Trainee: 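Before we start, here is the structure in question, set down as structure tokens.
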Amino acid sequence: MNTDKQLKFRNTARRGAKWLERGVEGLFTASGWVSIVIVLLITIFLFKEGFGLFQSPTVEKGYVLCVHPSNPVERLNASQIKHIFDYETTSWSEVGGADLEIRPFRFEEIFDYYAEEEFGPDYEFLPDKLAEVVAGDEGILAFLPEQYLPADRSGIKIVEAGNITVTDFFGGREWLPTSTPAPQFGALPLILGTLWVSFFAILIALPLGMGVAIYMSELAGERMRKVLKPAIELLAGIPSVVYGFFGLVVIVPLVQRAFDLPVGETAFAGCLILAIMALPTIITVAEDAMRNTPLAMREASLSLGATQWQTIYRVVIPYASSGISAAIVLGIGRAVGETMAVLMVTGNAAVMPTSLFEPIRTIPATIAAELGEAPAGGAHYQSLFLLGCILFLITLVISVSAELISKKQRQAV
Amino acid sequence: MEQSKENEFSLQLKASGYRLRTRMTQQVAFWTIRLLGFVVVGILVWIQGFIIVNGAGVLSWDFLTQAPTEGMTSGGIFPAIVGTLCLVVGSMVFAFPLGVMAGIYMNEYTKDHWTVRLIRVVTNNLSGIPSIVFGLFGMALFVNTLGFGDSIIAGSLTLGLLVLPIVIRTTEEALKAVPDSYRSGSVALGASKLQTIFRVILPSAFPNIITGLILAIGRVSGETAPILFTAVAYFLPKLPTSIFDQVMALPYHLYVIATSGTDIEASRPIAYGTALVLIIIVLAMNLLASFIRKRVSRKQR
């Protein structure tokens, strides 16, 4: 009786333990997959929001562009609209119409045409007055809210502006997300600005980083390495705002004085800060690669009468070349994604980069600076997510190519 | 080498000249490289020294324990310290267990299976994603979709995702360092897999796992971009009372008073002080991590 009970109890306990074991195992497995889930979620959310931009109308939501019925122009694109309302495009012939002066008309201007009381107590006559204005001017391009369009559309013609297109975004040279009536989402200056700053940052960081990597793997004694290694770890650990702050109070005035510039907040200041920030990545990866050169190869080179330096640049560096390329790629990745430091020192002017000594703006800095003001779900918000997608894709390409490059080295061994 | 004179004497001369030349090149190259090494150390000393020298005078008990006053041009940074502390604790509560469990799964359950290789590649990619992209994602998912609003919990989750790869990687490394004889010994004594993990492997790998936690804390306390749109406020007169409150945070505070404060010149000293506090946190975390690492390696020897 007693033993029976004990046996039963022991069995239950054993079964319980087994279930517990299974449960915990399941938990571990689930956690293991969590990175994949996160990356998938990031992709879904970024692209869902980002590609929404291409369903957004070129003209602000709730508004339309109207012309005189006799006007042959059927559609206008975002930059044409912007240039018309900036008075840079002045004739319809420039956008495919008759040789007629364009008269850009914003909705608010209606109050200059008519006295307040003419619209009626509830603005019920407003649509008619608008129709009157449009019908009365052959060259007009009116920017009107949809809700005040007249019921009778015979006196006006609505111009198609369509949705924001892929070419608008990737080919556009103007980034003016808050301009009315047609916000400009030309990401080209931002994309080029990012690549521009990162490229020159790596150009500065590479010789420095390679030198230190060679020093640490080939020349430095144990004592020197013990100083350098933690120093580089610390350099990697300094928060990017601190770099940005340092850049703002030290590098920016320095650049301004050294090159005698009107402002110090330039692409060059950004390059310098990014170069410092990319150094730890470059040094660690390159040093690892060089350390992996087999002793036999070094000894063979030295025994052939080569000096130590010849061994380094004829044997060690070629052997480690793929690791060094990985270091460069990862350094670029670090520079491309850096936000705060760049935001604080580059001046943030969204213009096409032409010189190192002018303000510039990068993708991450744009997101950081503008997301706070962009209403959720709007075209501006979506455009920032699309920029995030670009950044995400760039870093994805960088991670994957660094992986492939270092795999190549492993296979070569 | 292709010079026209071909007598023996000149050949000898050339050989010694070549040797001399290679020696010279080597000397020049080595000194250049040494110089570059010093330049890098110099940069570090410059940055750290600059902030320490300028910030040391500001640092005081009052600075650390009082709220900012007069439009953030005087007073202390207490709310920012509390906020950063909240974010650090919140993100670690989320990321540490998850990361450790993921590490256990990858090293103890499915070693070198294709799934693990895939997870490893993806985790690597995750760690390469810029922090601002995490900020975007956190805003879309936690703030807007899940409706947390700008809050400690949204910021903590975002930061947690950001440091997850660090925790996973250090856990994996730590577990790899546990000799296989421990595992077979434990199993031979009749322990189950779970018992082996919890009684044998984790205790011996624990100090190394902790270094991952510490490094993650250092990273989290300095990150600005991910919390920009998920957690932080420009200025808050009161401390947070729940996880759904907005907070101030050290890195964002530094950004704000360095670039857009009410009076940038007047708030400079506070900026130096804040930067110094940030650097001290990072320094302390790094030192702590390397101290633990050193102690562990000595013990294992």
Side-chain angles (χ1 to χ4, degrees), chain A residues 21 24-25 27-29 31-36 38-39 41-42 45-46 49 208 211-212 214-215 219-220 228 230-231 233-235 237-242 244-246 248 250 276 279 307-310 333 336-337 339-340 344 364 367-368 371-372 376 385 388 391-392 395-396 398-399 403, chain B residues 22-23 25-26 29-30 32-34 36-37 39-41 43-44 47 50-51 98 101-102 104-106 109 119 121-126 128-133 136-137 140-141 144 161 164-165 168 192 194 218 222-225 228-229 251 254-255 258-259 271 275 278-279 282-283 286 290:
Chain A
E21 193 129 326
V24 176
E25 214 178 301
L27 206 61
F28 286 158
T29 314
S31 319
W33 286 84
V34 92
S35 333
I36 293 181
I38 292 168
V39 169
L41 277 178
I42 291 180
F45 269 89
L46 283 186
E49 294 282 359
L208 211 58
V212 179
I214 294 173
Y215 182 65
L219 304 180
L228 275 173
E233 267 169 32
L234 271 186
L235 213 52
I238 296 177
S240 62
V241 246
V242 176
F245 177 60
F246 177 77
L248 196 65
V250 178
I276 300 175
L279 267 180
T307 62
Q308 203 185 344
W309 173 241
Q310 284 169 328
V336 164
T339 313
M340 298 315 288
M344 290 166 88
I367 299 174
L371 191 58
F385 271 83
L391 213 54
F392 179 74
T395 47
L396 206 66
I398 282 172
S399 309
E403 189 100 1
Chain B
T22 51
R23 274 283 145 73
T25 338
Q26 167 151 325
F30 280 9
T32 319
I33 285 171
R34 274 191 199 112
L36 291 176
V39 166
V40 168
V41 177
I43 290 173
L44 177 74
I47 297 177
F50 180 78
I51 300 225
L98 204 59
M101 288 195 293
I104 293 174
Y105 172 71
M106 286 164 74
Y109 281 90
I119 292 174
V121 169
V122 171
T123 309
N124 256 343
N125 280 333
L126 192 64
I129 294 174
S131 52
I132 188 75
V133 174
L136 276 176
F137 172 64
L141 178 61
N144 292 341
L161 297 184
L164 198 59
I168 294 179
S192 72
L194 208 60
E223 278 292 343
T224 319
L228 218 46
F229 312 112
L254 173 58
Y255 168 65
T259 57
L278 271 175
I279 287 212
V282 170
L283 214 70
N286 268 308
S290 68

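Since this is a predicted model, take the numbers as computed values, not measurements. In what follows, every chain begins at residue 1, and chains take the letters A, B, ... in the order their sequences are listed.
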Trainee: Out of curiosity, B/Met101 CE to A/Thr29 OG1, how far, rounded to the nearest 0.5 Å?
Mentor: 10.5 Å
Trainee: So what's closer than 4.5 Å to chain B heavy atoms on A/Tyr215: side chain, backbone, both or neither?
Mentor: both
Trainee: Measure A/Ile367 against the heavy atoms of chain B and call it side chain, backbone, both or neither at under 4.5 Å.
Mentor: both
Trainee: Might you point out which heavy atoms bring A/Glu21 and B/Leu194 nearest each other, and give the distance in Å?
Mentor: OE1-CB, 3.3 Å
Trainee: When only pairs under 4.5 Å are counted, which of B/Ser290, B/Ser131, B/Pro165, B/Ala140 shares the most heavy-atom pairs with chain A?
Mentor: B/Ala140
Trainee: Is it the side chain or the backbone of A/Leu235 that comes within 4.5 Å of chain B heavy atoms, both, or neither?
Mentor: both
Trainee: How far apart are the closest heavy atoms of B/Ile168 and A/Ser35, and which atoms are they?
Mentor: CD1-OG, 3.6 Å
Trainee: Between B/Tyr255 and chain A, with a heavy-atom cut-off of 4.5 Å, which part of the residue counts as in contact: side chain, backbone, both or neither?
Mentor: both
Trainee: So which heavy atom on B/Leu36 is nearest to which on A/Val212, and how close?
Mentor: O-CG2, 3.7 Å
Trainee: Mind checking whether A/Thr395 and B/Pro130 have side chains closer than 4.5 Å, heavy atoms only?
Mentor: yes
Trainee: B/Ile129 and side-chain contact (heavy atoms from CB on, under 4.5 Å): which partner among A/Leu396, A/Leu391, A/Ile42?
Mentor: A/Ile42
Trainee: Return the option, out of B/Val41, B/Val40, B/Leu164, B/Ile51, with the maximum number of heavy-atom pairs under 4.5 Å with chain A.
Mentor: B/Val40
Trainee: Considering non-hydrogen atoms only, spot the tightest contact between A/Met344 and B/Ala258 and give its length.
Mentor: CE-CB, 3.9 Å
Trainee: Do A/Ser399 and B/Asn125 pair up side chain to side chain, a donor and an acceptor below 3.5 Å, judged on atom types alone?
Mentor: yes
Trainee: Give, as side chain, backbone, both or neither, the part of A/Leu41 having an atom under 4.5 angstrom from any heavy atom of chain B.
Mentor: both
Trainee: Which atoms of A/Leu248 are under 4.5 Å from chain B, going by heavy atoms: the side chain, the backbone, both sets, or neither?
Mentor: side chain
Trainee: Is it the backbone or the side chain of A/Val336 that comes under 4.5 Å from a heavy atom of chain B, or both, or neither?
Mentor: neither
Trainee: I'd like to verify something: which residue of A/Ile214, A/Leu46, A/Leu219, A/Leu27 has the highest number of heavy-atom pairs under 4.5 Å with chain B?
Mentor: A/Leu219
Trainee: Name the option with the most non-hydrogen atom pairs under 4.5 Å to chain A; the candidates are B/Val39, B/Leu141, B/Asn124.
Mentor: B/Leu141
Trainee: So B/Ile132 and A/Leu371, do their side chains get closer than 4.5 Å, heavy atoms only?
Mentor: no
Trainee: Can you label the angle between the B/Phe50 ring and the A/Phe246 ring as parallel, tilted or perpendicular, going by 30° and 60°?
Mentor: perpendicular
Trainee: Would you say the side chain of A/Phe392 lies within less than 4.5 Å of the side chain of B/Leu136, judging by non-hydrogen atoms?
Mentor: no
Trainee: Which heavy atom of B/Val282 sits nearest to which heavy atom of A/Pro239, and what is that distance?
Mentor: CG2-CD, 3.7 Å
Trainee: Among A/Leu228, A/Ile398, A/Val250, single out the residue with the greatest number of heavy-atom pairs under 4.5 Å to chain B.
Mentor: A/Val250
Trainee: As a quick check of understanding, evaluate side-chain contact (heavy atoms from CB on, under 4.5 Å) for B/Tyr105 and A/Val34, giving each step before the final call.
Mentor: CA-CA 11 Å; B/Tyr105 172 71; A/Val34 92; over 6 Å; no
Trainee: Within this structure, what is the CD-CG distance for the pair A/Glu49 and B/Asn144, rounded to the nearest 0.5 Å?
Mentor: 7.5 Å
Trainee: Contact part of A/Ile238 toward chain B, heavy-atom cut-off under 4.5 Å: side chain, backbone, both or neither?
Mentor: both
Trainee: With a 4.5 angstrom heavy-atom cut-off, could you sort out which part of A/Ala376 is near chain B: side chain, backbone, both or neither?
Mentor: side chain
Trainee: Using non-hydrogen atoms and a 4.5 Å limit, figure out which bit of A/Val24 sits close to chain B: side chain, backbone, both or neither.
Mentor: side chain
Trainee: For residues B/Thr22 and A/Gln310, is any side-chain donor paired with an opposing acceptor at under 3.5 Å?
Mentor: no
Trainee: Under 4.5 Å from any heavy atom of chain A, what part of B/Ile104 do you find: side chain, backbone, both or neither?
Mentor: side chain
Trainee: I need the residue from A/Gly237, A/Gly333, A/Ala368, A/Gly388 with the largest number of non-hydrogen atom pairs under 4.5 Å to chain B.
Mentor: A/Ala368
Trainee: Do B/Leu228 and A/Thr339 have side chains that get closer than 4.5 Å, going by heavy atoms?
Mentor: no
Trainee: Please find the pair of heavy atoms, one from A/Gln308 and one from B/Gln26, that lie closest to each other, and give the distance.
Mentor: N-OE1, 3.1 Å
